[in-house]
Amino acid sequence: MREAAEKQVKVIAFPELAITGYTCGDMFMQDSLIDASEAALDMILKETADLDLFAAIGMAVRCDNRLFNGAVCICKSKILGAVLKTFLSDGEERLFSSVSQICSKQAKICGKDVPVGADIIFKNTGSNGIDFVVGIEICADVWNIIPPSSYLAINGAEIILNLAASNELVYKDDYRRNLIAQQSGRITGAYAYASAGWGESTTDMVFSGHSLICENGVILKETEKFKRESQLIYCDCDIAKIKSERKRINLSLQKKELPEYRSITFNLNTELSCLERKINPHPFIPEESEHAKRCEDIFNIQVAGLAKRIEHFNTKKAVLAISGGLDSTLALLVTVRAFDWLNKDRKDIVGITMPGFGTTGRTHNNAVDLMRILGIDSREIPIVEASLLHFRDIGHDPEIKDTTYENVQARERTQILMDVANKEGGMVIGTGDLSELALGWCTYNGDHMSMYGVNCGVPKTLVRVMIGYLADTIPEIGDVLRDILDTPVSPELLPADKDGEIEQKTEEINGPYELHDFFLYYMIRFGFSPKKIAYLAKYAFEGKYSKDEIKKWLMVFYKRFFSQQFKRSCSPDGPKVGTVGLSPRGDLQMPSDMCAEVWLREVEEI
């Protein structure tokens, strides 16, 4: 407990019957052993009175002239309560009673009246940090059809501690690992499983000390099995994330027929000076070991959505702009796969490159090469002359390189696409991605509009990964795709520099997409505040972006996110591929004129 407190641990669990050991057998019927275990607990209370720590310790509990397998919970020299085991393991019935057989609500432990039962939850109400609720179950409880932890979660427990003595068998660790991870996911909470190890009797069983900490279905920490030394594993628990997830599933709807649980409070300071867990800077990107599988799944979601649209409307042709950039490339590859699925001729895919004032040779050549190799109907329709004519029509000086200058080009391109689609009996495939939707980085009724947006659920950081994956799996276009990956992200609406290179670089204007995708994920997926997002970003991008840089681009993100909702409110249909989406029809219902003052003020205070 002292070692844990030094590491800022606030909640700790020990194994089942930890004070005496699990394997004492009939000696549990000896009062001498139970008296000695209470004396040991009394010593622990005195020795840890100064620790800002909640601990659940396994020991035998006497009540109603019966013996129960219990978890005694203590904090700052006080016994808060004892949770008693519900489902007894094989052989335990001769020694212990199930909590279902108890009559009393209290028991004498160390000479004090202590709440006992299975209907107890423990609430931290500290003034600093965040409130949280702890629930307890014991070993075999979690192996049953409806574990007590399910009811504990419905009654508010966000952290479940399981005090266990699970003997080791061949392959049992795999089952145990899956069981605990799945239960943490099922209850949408944190789950710490502490199991007996070295020191238990080996008369008939061997214990490996296999313990785990899981959160929302993910294993965060795990002990090494059969290690002789005692092992303390610990990690951060994101209570705000758990609370956010539970808002989505609304556990309270399942509470109607459950009895009320007794709530026992304690008080801890839960402010942390540092984080133990690693914060993934790219939350949309799958683990490297799963890249191929996840990318193929995402690609197939996009393809299936588009194929259904084409089939439903009996569309003859697909029309899309090919710029030589990341988004249009992914959209083209999705369209090609959809046509192959439907056994349609690739020549019915009309790819149009539309060189403008800022088009560079590099992007133009990549667009042309890509269409040629894929065998689609490749067309080129320059927009310079039409844009100059429109400038004259509306009285705009083309030397003024402002928003009008840029948007005229974007709308001219969209008009071409729509008109070609009408002429050919086709549909315009949108290429804009999720990150651009979040920032509103598109021209209203320009590239903002299409008949189906295949990339609308894919953020920019993931688009990059997808293109990289496809470069490796479609070798005939691999070189072109890799050069597209190396090209700076740009709408190419401003003239190139004197060397013919891209002058208008999106990430220099709006900020790095990896930051914006990080902000978007935690804002939409979990509803985190700007302060928490900035706090997580500090750890995720440590050494890459300073606090001031994070604050600067976070301010840009919130300003653009709120001001550009009007574009998302009328965005085209498109497939959702992950847990974050911005569709106004089901993912983000938000007024177009909502005020961002609350969020911007919080960013300023960072």
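We're numbering straight along the sequence, starting at 1. What's counted below: heavy atoms across the whole structure, side chains too, no hydrogens, waters or symmetry copies.
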Asp348 and Glu424, any side-chain heavy atoms less than 4.5 Å apart: no

is_close_aromatic(Phe561, Phe519), centroid dist under 6.0 Å: no

Non-hydrogen side-chain atoms of Phe357 and Lys401 separated by less than 4.5 Å: no

Glu514 and Tyr545 side chains, donor-acceptor separation under 3.5 Å: yes

Within 6.0 Å of NZ in Lys552, more than 12 heavy atoms from elsewhere: no

Pairwise side-chain contact, Met466 with Leu333, heavy-atom cut-off 4.5 Å (strictly under): no

Side chain Thr431, main chain Ser328, donor-acceptor under 3.5 Å: no

Lys7 to Tyr234 six-membered ring, cation-pi geometry met (6.0 Å, 45°): no

Distance-only donor-acceptor check, side chains Gln504 and Glu406, under 3.5 Å: yes

Side-chain (Lys567) to main-chain (Cys442) donor-acceptor, under 3.5 angstrom: yes

Donor-acceptor side-chain pairing of Glu492 and Thr360 below 3.5 angstrom: yes

Charged N-O contact under 4.0 Å between Asp433 and Lys460: yes

Side chains of Glu602 and Tyr558 in contact at under 4.5 Å (non-hydrogen atoms): no

Side-chain H-bond candidate by donor/acceptor type, Asp327 with Asn455, under 3.5 Å: no

Ionic contact status for Arg482 with Asp472, cut-off 4.0 Å: yes

Polar contact flag, side-chain donor to acceptor under 3.5 angstrom, Ser592-Ser569: yes

Side-chain donor-acceptor contact under 3.5 Å, Thr443 with Arg411: no

Side-chain heavy-atom pair Leu520, Leu439 within 4.5 angstrom cut-off: no

His364 side chain near Glu380 side chain, heavy-atom distance below 4.5 Å: yes

Of Arg525, Arg277, Lys532, the residue whose pairing with Asp238 passes salt bridge (charged side-chain N to carboxylate O under 4.0 Å, His left out): Lys532

pair Tyr539-Cys274: side-chain heavy atoms closer than 4.5 Å: yes

Phe518 side chain reached by His282 side chain, heavy atoms, under 4.5 Å: no

Side chains of Glu296 and Tyr469, donor plus acceptor under 3.5 Å: yes

